[in-house]
Amino acid sequence: MIPSEFEYHKATSIQDAIAKLAENDEAKIIAGGHSLLPMMKLRFAEPPCLIDINGIEELRGISVEGDMLVIGAMNTENEVLNSPLVQEKCSLLTEAIKLVADPQVRNRGTIGGDVAHGDPGNDHPAIMLALDAELVLEGPDGKRTTPANGFFLGTYWTGMEEGELLTQIRVPVREQGVGYGYAKLKRKTGDYAVAGSPVYVKMNGDTVSDIRIGLTNVGPCAFRAEAAENLLRGNVITDDLLKEAGALIIDACDPAEDLRGSPEYKSHMAAEMAKRAIRQAIEDARN
Amino acid sequence: MAKQHISFNLNGKQVDTLVEPRELLVHTLRENLNLTGTHIGCESSHCGVCTVDMNGQSVKSCTVLAVQADKTEVKTVEGLADADGLHEVQKAFVEEHGLQCGFCTTGMMMRAYRFLQENPNPTEEEIRWGMSGNLCRCTGYQNIIKAVQTAAKNLQNANKSVETA
C-alpha cells in the first residue's frame, strides 16, 4: 500500500514549519507518521503536501520550568518513556507509555503527534486531561498556551487553529499527596484501547481532595468522567462509592461499535478500567 | 511528482538513489536496491516483518518514507553477517530453530539485534516486551524467545573474551 502523491518539504525550524504551512494549501504536518501514514495508505487522508518536522531540534528536549515539566512535542514515546526526569516528576506518563503501541512504533511515534492528531483511540489526550496539562501552540499570529481541558472537541477535531503547530506539552510536576493510576484494556500489543483510563488523585489523609478521571476510546474524543469525579471528590473511597462512580462512568460513555466490542461492553470496560486506575492512584499517593 | 535524491549509509556502504516522496523505505530497499531480506507483511506498522535498524533504532520500514532515510544509517538483515560468518543472533535462530516458515524471521532478527544492545542481559519477560512489535504465526514464539536468550548469552561471552584478550 502506497499513499497517493504529495509534495514533501522538510522544515528546519518552528518558524520555517509555520511559514511552509501558510504557503501550502491543505498541507499536513508529519511528526512520527505512525497514525498519518497508515491513514494515507488507506486514502482516509490525502494531503497534497506534507511538512516534515522531524529535523527540528527546538521541538525536542525535556526540562522542568518552575512547577511544570516541559516536554517538546517531537519527543518520541520511547524518549519520554526512558527519561529519568519524567519518571521522577510525572510517572503517570512513564507507566502509560509502557502500554502504548510497541517498541518500534514508540521509536517513531511522538507525544505531540499523539496529542494533536485527535484520534479518540490515542492514549495521550486522556492523560493530558487527567494531568491538567497545558499545550503550547505556535502559528502565524504567535504563540499561545491553552489548557488540555477543552482542547479535544471531536474525532480528528481539536482546538488547533489552521496553520498552527503544537510545540510543547506542559504538565504539572507531582506534588505531595498526589497519586497516579493507569489501566488500559487492549486485545493485543499495538492495538488501540478497548477502553483506557488515566487517573489523578490528590489525597488528604484517606479523603480524596481532588480527582481527575480521563477516558480513552469510549466517545468521539477523550473526555473526563466529571459526574464520577464530583461524586468522589471530598470523600473517603469505599467499594459502594466506587460502584456508584462506575455507573456514572457507564452513563457518560458513548463508544462506537467495532471489532473491539459493542457500546455496552466498552462502556462497562471503561468503568472497570477507571475503577482499577482509581484504586492504583490512591495506593500510589500513599507511597 | 518529481523524484528526490536521497543518500544514506546502507549496511556500511553509501547509497544514492532517487525516490518519489510517497515511496516507503521498505519499497526502496526491496525494489530499488534489490535487498529483499526485509519483508512486507501488514503494511500498517503492526507485524514487524519490515523491521530495520535506522540510526541505531529499530523502525518499521513500511511506515517510514524513503525521503526520511536521507542522511541516516540503515542496517538490514543483509548487513548482519560479516566476513567471519553469521551474526550471533542468526546463529542462535538456527541453533534454537527459532522459525518455521521463516517469513517473520528477518524482522525478528533485526529487532533482536537491536534489543540485545539496548538490554544485553534480559529476563524472559523483558524479551517478550522488547520483541512485542513482531508477530509470528507459526512458532508460538517459544523458540524465538529461546533464540534471543541464546544470542544474549553468546554475545555476552563473546564480549567477555574480547575484554580479557
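Excluded from the calculations below are hydrogen atoms, water molecules and symmetry mates; all remaining heavy atoms, backbone and side chain alike, are included.
Around atom NZ of A/K28, no more than 12 heavy atoms belonging to other residues, nucleotides or ligands sit under 6.0 Å away. Atom CD of B/Q14 sits in a crowded spot, with more than 12 heavy atoms from other residues, nucleotides or ligands closer than 6.0 Å. Heavy atoms of other residues, nucleotides or ligands lying less than 6.0 angstrom from NZ of B/K13 number 12 at most.
To the nearest 0.5 Å, the span separating CZ on A/R106 from OG on B/S132 amounts to 6.0 Å. Taken from NE2 in B/H46 to OG1 in A/T189, the straight-line distance is 10.5 Å, to the nearest 0.5 Å.
In this structure, the portion of B/E20 lying under 4.5 Å from any heavy atom of chain A is its side chain and not its backbone. Contact annotation for A/K10: neither backbone nor side-chain heavy atoms come within less than 4.5 Å of a heavy atom of chain B. For B/T63, the parts lying near chain A are the backbone and the side chain together; criterion is any non-hydrogen pair under 4.5 Å. Using a 4.5 Å cut-off between heavy atoms, B/C50 makes no contact with chain A at all. Heavy-atom distances place no part of A/L42 under 4.5 Å from chain B, backbone and side chain included. Looking at B/R114, neither its backbone nor its side chain comes within 4.5 Å of chain A, counting heavy atoms on both sides.
Using a 4.5 Å cut-off on side-chain heavy atoms (C-beta onward), A/I30 and B/Q68 make contact. With a 4.5 Å cut-off on side-chain heavy atoms, B/K60 and A/N107 do not count as touching. Side-chain contact between B/R22 and A/E7: absent, with no pair of heavy atoms (C-beta onward) separated by less than 4.5 Å. Side-chain contact between B/R111 and A/P103 is present, with heavy atoms from C-beta onward closer than 4.5 Å. In this structure, the side chains of A/F6 and B/L65 come closer than 4.5 Å at one or more pairs of heavy atoms.
Nearest heavy-atom pair across A/K41 and B/C62 is NZ-O, 2.7 Å. Of all the heavy atoms in A/P3 and B/L24, the pair that sits closest is CD-CD1, 4.3 Å.
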**OP:** Start with the C-alpha distance between B/N134 and A/Q104, add both sets of side-chain angles, then the distance that settles side-chain hydrogen bond (donor to acceptor under 3.5 Å, both in side chains), and finish with yes or no.
**Re:** CA-CA 9 Å; B/N134 293 69; A/Q104 289 97 313; 2.7 Å; yes
